[in-house]
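Protein chains get the first letters and strands the later ones, always in sequence-line order, with residue 1 at the start of each.
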There are 2 protein chains.
Amino acid sequence: MVADRAGVSRQTVSNAVNAPHRLRPATLAAVTSAIEQLGYRPNQAARSLRTRATRVIGCRLLPSAHNGTGGVLDRLLHALCDSARSNGYDLLTFSAEDDDDEISIYDDLLRRHAIDGFILTNTHHVDARPDWLLARGALFVAFGRPWSRRGAKHSWVDVDGARGTAEAVTHLARLGHRRIAFLGVHEGSGVGDDRLAGWEREAGRLRLATNGLLARAEDGIASGRTLAAQLLESARPPTAFVCVSDAMAIGAMRAIEDRGWRPGHAVSVVGFDDSPVASVIRPGLSSLRQPIEAVANQLVETLLAVLSGEQVRPARLLLPPRLVVRVSSGEREDRRGAPAAPASPRMQAEVATTRKGEVP
Amino acid sequence: MVADRAGVSRQTVSNAVNAPHRLRPATLAAVTSAIEQLGYRPNQAARSLRTRATRVIGCRLLPSAHNGTGGVLDRLLHALCDSARSNGYDLLTFSAEDDDDEISIYDDLLRRHAIDGFILTNTHHVDARPDWLLARGALFVAFGRPWSRRGAKHSWVDVDGARGTAEAVTHLARLGHRRIAFLGVHEGSGVGDDRLAGWEREAGRLRLATNGLLARAEDGIASGRTLAAQLLESARPPTAFVCVSDAMAIGAMRAIEDRGWRPGHAVSVVGFDDSPVASVIRPGLSSLRQPIEAVANQLVETLLAVLSGEQVRPARLLLPPRLVVRVSSGEREDRRGAPAAPASPRMQAEVATTRKGEVP
DNA sequence: AACGTTCATATGATCGTTCATATGGCGGTC
DNA sequence: GACCGCCATATGAACGATCATATGAACGTT
């Protein structure tokens, strides 16, 4: 506590740091300058010990295995770190084999008082983690809706997958498509069902056919290829695919190429997640980009509100994804030889914000 | 300290946790059982305050912008978390705009005593960070050699890029290639120069031409495409490309396709980093996979040795990458119609360890 | 001028550990 | 039997901050 160089007591220094408004301007200036000169920063351990707050947020790394998350982990982490740090918090990361493993790490961190709260990632059906955390009295915010139950007692932020796939349908319909298929995953995955619902809803709204245009399998390139091939060989084949993931979409593109056609010319494809691959493969894959940075900001803000105790009722936030248009959806040329309708200003903006450095 | 339930003093509990050998078996058992029953874990803040050690390691997230690092950040983080945790440490991550920003975060974390040591990533020429940390007396280990100077005073772990590109040349030569080009980045990048050196060295050793077979530009798909096209149009074109990155390699594949050829048939390509894209694009891109998990283990182990004060002389560790063979290097068919030489057992092993879930 | 109120700053205690050191018991040696 | 040394355990202090509370100064009111 050499900061008594300012000629005041410890407590005054503490106030200067934590409640500057309490000090008279002159005193504050003196203390601040002493702090500057000595390069003082409060010792985190001592502070945590006394206040019982570590100013650290814990977050499990999304499992690498997640095909769909290519690039999402990276973006989410960067954004979380930035949001946390600009709010005076740090991010502690850990990886876990499965939910049980993750819970045991939660337990460890909580018992050691190494953390103030968690950001839960990768929520899914029959997810034991929220209940465990709630029962434990731990504070957290989830990235992902609680898929299993309606009135969850915790706050969450999620991306509106249905809105995304609906937008994809709108986009394709505007380009002239009438038979738009959906390549999804097996029923029971919250994310998958959500994205499917958007396709179904929007197709209904636009009075487009859905019969015989839905195919589901495990996520993956191989699945996408097989499913798309089956649909393309059917009596009334689709002219476009909206896909639950970029992996599925890439599979669909392969199936189209397998028939000697070009994705975006003969048949259009839209993926989901805008993974790095989407901008690299040829032709470029139109895809729905999750607003990960906004999600991270909201997650951190909400968690801090929860930590501060202000948050009385759980927050529920649904953010819209954004369609990144590339060649695979066929915007650049009309499928039937007629000149394409001019893109709307909004579309142009979207094209312009396509990730830099990519090769269309 | 409800753990006095065991009928002993605080200090004995402390000893049971930190120096069990000091206790008589009977006492230890009593304390341990009390600890179990109460689910006690030492409060991290109190412990840190007293011992001046936080058991937290800091690590900057690799910048997303890094094209070449697709998938590397993800793997590195998971591995670092696992290694740290199994050694009783936690990983604190942060992102930074540039080196200055990073240094100011170091400064903050050190001043607050929020961290024991750092893992430095993404070392490069004229890197102010190691010197700053050394001058500050901070403990750290770098992932990446100190490219600017010889006898660095700090420990580091790195991947032997030269060895990787040399292996790629060996592999291609074994498949019959005599004119193997290298697509590199501008001189001055440590990683880039290292990888180039391996190609040059191995080509020399095998008495292969290098004249007119080296092309350099900024990293990226577009660059790779342009450079490869130029070389292919030259008087004595190469029959294979070793590339400084997967991005360059993908560019080279495009240039090959631009001429109506198929990568792996007409001309072979090998990339570097084995990014997720490498296994997804068609044809699959042979690439050099960095042993990130081993790197992470070594980084953590070395850092812990440094933290414990045991490490007297700086450790320097160079780990070899591994060639993951896919279609683009043309192993499966001989380019001139003759049957391909049978793959060596080592090669088969490498093929077998190709990432699961990929579509060849 | 005495009063109560508010604001600015100071004091002692405390958070939960581990450190340094003290104490007591036990066995072996002279 | 007294002494020494060693081992297991206990005691008080300290780590560096904030909390709760006390003190004193400044102010406006009657």
In whole angstrom, what separates Y40(A)'s OH from dT18(D)'s C1'? 10 Å
So, using salt bridge (charged side-chain N to carboxylate O under 4.0 Å, His left out) as the criterion, who are the partners of D160(B) when residues are at least two apart? none
Considering only dT9(C), dA8(D), dT11(D), which nucleotide approaches the side chain of S9(B) most closely? dT11(D)
Is there a side-chain contact between V159(B) and F143(B) (heavy atoms, below 4.5 Å)? yes
At how many degrees, to 10°, do the end axes of the helix from dA1(C)-dT30(D) to dC30(C)-dG1(D) meet when each uses five pairs? 50°
Using the 3.5 Å cut-off, write out each protein N or O paired with an N or O of nucleotides 4-7 of chain D and the distance between them.
none

Describe the nucleic acid contact of R112(B) in one word from base, sugar-phosphate, nothing, applying a heavy-atom distance below 4.0 Å. nothing
R60(B) to F94(B) six-membered ring, cation-pi geometry met (6.0 Å, 45°): no
Please, which pairs that meet side chain to side chain donor-acceptor pair (under 3.5 Å) have at least one residue in residues 130-139 of chain B, sequence neighbours excluded? D107(B)-R136(B), D131(B)-R149(B)
Among residues two or more places apart or on two chains, list those pairs meeting salt bridge (Lys or Arg N to Asp or Glu O under 4.0 Å) that have a residue in residues 294-315 of chain B. none
OP1 or OP2 of dA10(C) sitting under 4.0 Å from any side-chain N/O of T12(A)? yes
Report yes if some heavy atom in the side chain of L62(B) is under 4.5 Å from a heavy atom in the side chain of D74(A); otherwise report no. no
Could you list all N or O pairs between the protein and nucleotides 12-15 of chain D that sit under 3.5 Å apart?
unit_1  : atom_1 : unit_2 : atom_2 : d
dG12(D) : N7     : R10(B) : NH2    : 2.9
dG12(D) : O6     : R10(B) : NH2    : 3.1
dA13(D) : N6     : R10(B) : NH1    : 3.3
dA14(D) : N3     : R50(B) : NH1    : 2.8

Rounded to whole Å, how long is the line connecting atom NE2 of H21(A) with atom P of dT9(C)? 12 Å
Quickly work out the L23(A) CG to dT6(C) P distance and round it to whole Å. 20 Å
Can you tell which of dT18(D), dT9(C), dT18(C) lies closest to the side chain of N15(A)? dT9(C)
